[in-house]
Amino acid sequence: MQAVRLERRGDVAVLTIANPPVNAIGPGVVASLVSAIESFESDRSYTTLLIHCDGSTFVAGGDISSFDDPNFSAAPFNSTLARLEALDRPVVASLHGSVLGGGLELALACHWRVALPSTKLGMPEVKLGLLPGSLGTQRLPRVAGIKLALDMISTGRTIGAQAAKDAGIIDEVRDGLPLETGLAFAQELISRGDGVRRISALITPLDGIEADFFANAANDARTKKSFYPAAAAIVQAVQASTLPFKGGAAVEARLFEELRQSRESMALRHLFFAEREAAKVPGLAKDVKTRPITRIGIVGAGTMGGGIAMNFANAGIHTVLVETSQAALERGLGLVKGNYDASAAKGRLTAQQVSQRMTLLTGSLDYAALSDCDLVIEAVFENMALKKQICVRLGQVCKPGAIIATNTSTLDVDVLAQATGRAQDVVGMHFFSPANVMRLLEVVRGAQTTPEVLATVMQLARKIGKVAVVSGVCYGFIGNRMAEVYMREAEFLMMEGATPPAIDGAVEALGMAMGPCRMLDMAGIDVGAKTVIEYGLAGGLPPDPSYRAVVQQMFQLGRFGQKTGAGYYHYDGRKPVDDPETARIARTLADVHGIAQRSDIARQEIVERLLYPLINEGFKILEEGIAWRPGDIDVVWTAGYGFPDHKGGPMFMADALGLGVIADRMAHYASTRGNAYGYWTLSPLLASRARGNQQLTDAKAGRS
Ligand code: T1G
């Protein structure tokens, strides 16, 4: 099918873009646009040019995958837009779906714009570490004003059709189909004798723009978004819209090209596609039948169970929570209601929405309430004996064909699947706390999980707005398995004399949302300690008596973190304060285990010892086929653990650092710290890529 076609409808030339799935504009589409425009130019029998798109949306942007091409240039598209705007007969854009980035820039190069009521418009390039590179930073301020333009471009947020009309970005909002709406509007223009209107000929209005507006905006960008070069560049480009058009265009072009080649943008573009790739299950036919999920059961109405239930209520799915006592049930539902009320208080939900969602949530003390559920998730305490017992009951109670899921964060899903007696219907659904907030969902495929069950859960994950990543069965799946070695080194560093602020500060300076100590203090030292103890009981721990000694000692002392006011830190409310008691505990443990203390542990050593074993574990996870793609691991860490997205995730960052560097430093620590327990043993995959001076993403690593 042609990406661009030109057809006659009376004296209107209809230019249709048809480049599924989102009508993205790549070099090929630009070339076709040029020839369509040339045909219109040369045929004087046309009075008007109407541009619209086939499919579910108008142009949703430039083709993001084309930005990695070293020879990419925005110039051809930009000169095509200039040519469009310069036409001497009216050009109308008929908009629907998501008019984003280059799509909105295309619309703004037209003389008139009409949109369906459901249309969303925006310039989300900042989410890719870019800025609008096709004159969006120059045209949008001229029609919408500097403040709205800067807000939209800096945040990447979309606005609705009516808001866009009110802001002067579009001319009309009309119901109907894009083509018919566009044709009707074009006819109105013709009958009114309305001609061309060129935004580039306008002057950006400065009324209401304070003298220090841009200086303040630039300062904000530099201070609050220091990891994201696009933030400050956007302010510069929008400010350049106060120059004559050509001058501003040159500023935008320079800044766009700098950002396109920045590591941060490459990282964010990598994650854009990685998140979408993660949703694809290799070998799963596109048309695999999924099971309808209209009623869900959750066993356990604790913090996790309640948070998980909120995801389904938010998506309009009836959910029943089962607990062992009325008090526990009421506490759980009360927690959920409290969360919703907090959102309502912030204006994020109306009172009516809160009550609608609460009516979707019911409670019961009887497992029989689960018998008509299409999916039942156990979300009880992380204890294998308890979970097995529950899985046995679910295997008896759930209707045939119901999917049984476990929310375990580390335990063996295959063992739990066997306990149900219907392992083919069992899958892991590992939500991250707070489950109603964190985007990540690890979907753990058991040895017998059927493709249909996997596809159903992946589809449900998308419906509830989760970023789902499929993991194989191993201790901790993808995220927690890598977090385990990360926490191991954090504790060894603590026993050697590094304080929690020094440890956390080292990785927070790279952009981690919070370091390992603050993270575990928030999640609960007790939770962390119990998984280590549980893992030990399962024979999984290295025979190293000092292994995770700190978290176990903290647990013994009742220092559970934020929830008890003290953990690795002391808490003044929610504020973490360095606690000398932690240093004393660590020092005592160091003496017990014969670990030498040092006062001069460099920040770089902390970074390397926290991140390189984590990356090495990621390589092992790929080798074992636990994760299918490096990008899956990056999505887990950026969506679930606060890993900086401008670094692209640990595996993308490993390529940026250089696998040889990582291999050398792992060898350094193996020799200086000893490697009796294999903590510094390189994964063969990492070793071979490093030896070959290759990158991980040179070829899709993973299943042998
Ligand atoms: N380029 C290339 N592929 C894209 C794409 C894009 N802009 N947008 C989506 N896709 C692919 C996506 O990878 C997936 O592929 C399929 O389309 C469906 O996407 C010049 C420089 C439009 C709201 O940032 O926000 O314009 O996995 O699963 O949930 O100044 O896609 O099926 O093979 O997300 O219905 C600016 C990004 C680009 C918009 C639809 N535009 N896209 O959501 O589908 S930069 C954006 C989205 C730019 C200019 C600058 C969403 C969507 P596959 P999907 P969806």
Side-chain angles (χ1 to χ4, degrees), residues 3 17 19-30 33 53 55-69 72-82 95-109 118-140 149 152-153 155-160 230 233-234 237-238 249 252-253 255-262 265-266 268-282 284 286 439 458-459 461-468 629 631-632 635 645:
I17 299 172
N19 186 31
V22 297
N23 291 311
I25 301 269
V29 176
V30 174
L33 271 176
C53 288
S56 63
T57 179
F58 189 75
V59 171
D63 180 344
I64 300 167
S65 61
S66 67
F67 304 150
D68 292 333
D69 180 343
F72 173 85
S73 166
F77 185 45
N78 296 357
S79 56
T80 304
L81 297 186
L95 309 176
H96 72 292
S98 302
V99 182
L100 302 174
L104 182 50
E105 290 169 307
L106 167 58
L108 291 174
S118 56
T119 309
K120 296 273 182 266
L121 303 95
M123 292 195 178
E125 289 87 341
V126 67
K127 296 178 182 174
L128 299 165
L130 299 168
L131 52 71
S134 294
L135 292 308
T137 64
Q138 306 305 305
R139 288 196 169 96
L140 191 60
M152 286 178 67
I153 297 171
T155 61
R157 72 183 178 91
T158 57
I159 62 174
I234 284 166
V238 171
E252 179 196 89
L255 293 170
F256 173 79
E257 191 51 24
E258 283 170 14
L259 293 173
R260 183 182 71 87
Q261 298 188 43
S262 69
S265 181
M266 290 177 193
L268 291 164
R269 299 189 320 248
H270 157 70
L271 287 172
F272 174 86
F273 289 116
E275 282 193 10
R276 288 156 179 81
E277 276 304 296
K280 293 171 189 166
V281 178
L284 199 59
K286 275 249 186 205
R439 296 172 63 223
M458 295 301 279
Q459 188 179 65
R462 186 181 169 97
K463 181 171 182 176
I464 61 175
K466 293 298 182 190
V467 176
R629 299 159 283 237
D632 291 0
V635 170
D645 57 3

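Values reported hereafter were calculated over all heavy atoms of this structure, with side chains retained and with hydrogens, waters and symmetry mates removed. For ligands, and for the atoms within them, numbers begin at 1 and follow the listed sequence. Note that this is a predicted model, so its numbers are computed, not measured.
- Across Arg260, Lys280, Arg276, heavy-atom proximity to atom 31 (O) of ligand 1 is greatest for Arg276.
- Annotation: cation-pi geometry satisfied between Arg276 and Phe272 (NZ/CZ under 6.0 angstrom from ring centroid, within 45° of ring axis).
- With respect to Leu121, the side-chain contact (heavy atoms from CB on, under 4.5 Å) criterion is satisfied by exactly one of Leu140, Leu95, Leu108: Leu95.
- Below 3.5 Å of separation, one finds an N or O of Gly133 facing an N or O of ligand 1.
- For ligand 1, the atoms lying closer than 4.0 Å to a non-hydrogen atom of Pro132 are 30 (O).
- Between Phe256 and Phe72, the two ring planes are tilted [angle within 30° to 60°].
- Residues Ile234 and Thr137 fail the side-chain proximity criterion, which asks for heavy atoms closer than 4.5 Å.
- Remark: ligand 1 atoms within the under-4.0 Å shell around heavy atoms of Gly102 are 26 (O), 48 (C), 49 (C).
- Within a 6.0 Å sphere centred on CZ of Arg157, other residues, nucleotides and ligands contribute more than 12 heavy atoms.
- Less than 4.0 angstrom separates some heavy atom of Asp63 from each of these atoms of ligand 1: 1 (N), 2 (C).
- In this structure, OG in Ser262 is found 10.5 Å from CD in Glu257, a value given to the nearest 0.5 Å.
- Of the residues Asn23, Ile17, Leu106, Thr119, the one that meets the side-chain contact (heavy atoms from CB on, under 4.5 Å) test with Phe58 is Leu106.
- Between Pro124 and ligand 1, a contact under 3.5 Å exists for no N or O pair.
- When only non-hydrogen protein atoms are considered, atom 25 (O) of ligand 1 lies nearest to Leu100 CD1, 4.0 Å.
- Between Gly136 and ligand 1 there is no heavy-atom distance shorter than 4.0 Å.
- A 4.5 Å side-chain heavy-atom check between Cys53 and Val59 finds at least one atom pair inside the cut-off.
- Using a non-hydrogen distance threshold of 4.0 Å, Lys127 does not register as a contact of ligand 1.
- Among the atoms of Ser98, none of the N or O lies under 3.5 angstrom from an N or O of ligand 1.
- Distance check, rounded to the nearest 0.5 Å: CG of Leu128 to NE2 of His270 gives 13.0 Å.
- Remark: the backbone N or O of Ala3 is not paired with any side-chain donor or acceptor of Asn19 at under 3.5 angstrom.
- Using a 4.0 Å cut-off between heavy atoms, Leu128 contacts ligand 1 through its side chain alone, with no backbone atom that close.
- Regarding atom 4 (C) of ligand 1, its nearest protein heavy-atom neighbour is Val22 CG2, 4.0 Å.
- Around atom 7 (N) of ligand 1, the closest heavy atom drawn from Gly62, Gly61, Ser56, Ala60 belongs to Gly62.
- In terms of protein heavy-atom proximity, atom 3 (N) of ligand 1 is nearest to Phe273 CE2, 4.0 Å.
- Close approach of ligand 1 to Phe67 is summarised as follows: ligand atoms under 4.0 Å from at least one heavy atom of the residue are 21 (C), 45 (S).
- Side chains of Arg260 and Leu130 form a contact here, defined as non-hydrogen atoms less than 4.5 Å apart.
- Between atom CD of residue Glu105 and atom CG of residue Leu100 there is a gap of 11.0 Å, rounded to the nearest 0.5 Å.
- Remark: among candidates Ser66, Pro21, Ser134, Gly101, the nearest residue to atom 17 (O) of ligand 1 is Pro21, based on non-hydrogen atoms.
- Both the backbone and the side chain of Ile64 come within 4.0 Å of ligand 1, counting heavy atoms alone.
- For atom 44 (O) of ligand 1, the closest non-hydrogen atom on the protein side is Arg462 NH2, 4.0 Å.
- Residue Glu105 touches ligand 1 through its side chain alone, judged by heavy-atom distances below 4.0 Å.
- Interface atoms of ligand 1 facing Phe272, defined by a heavy-atom separation under 4.0 Å, are 8 (N), 9 (C), 13 (O), 37 (C), 42 (N).
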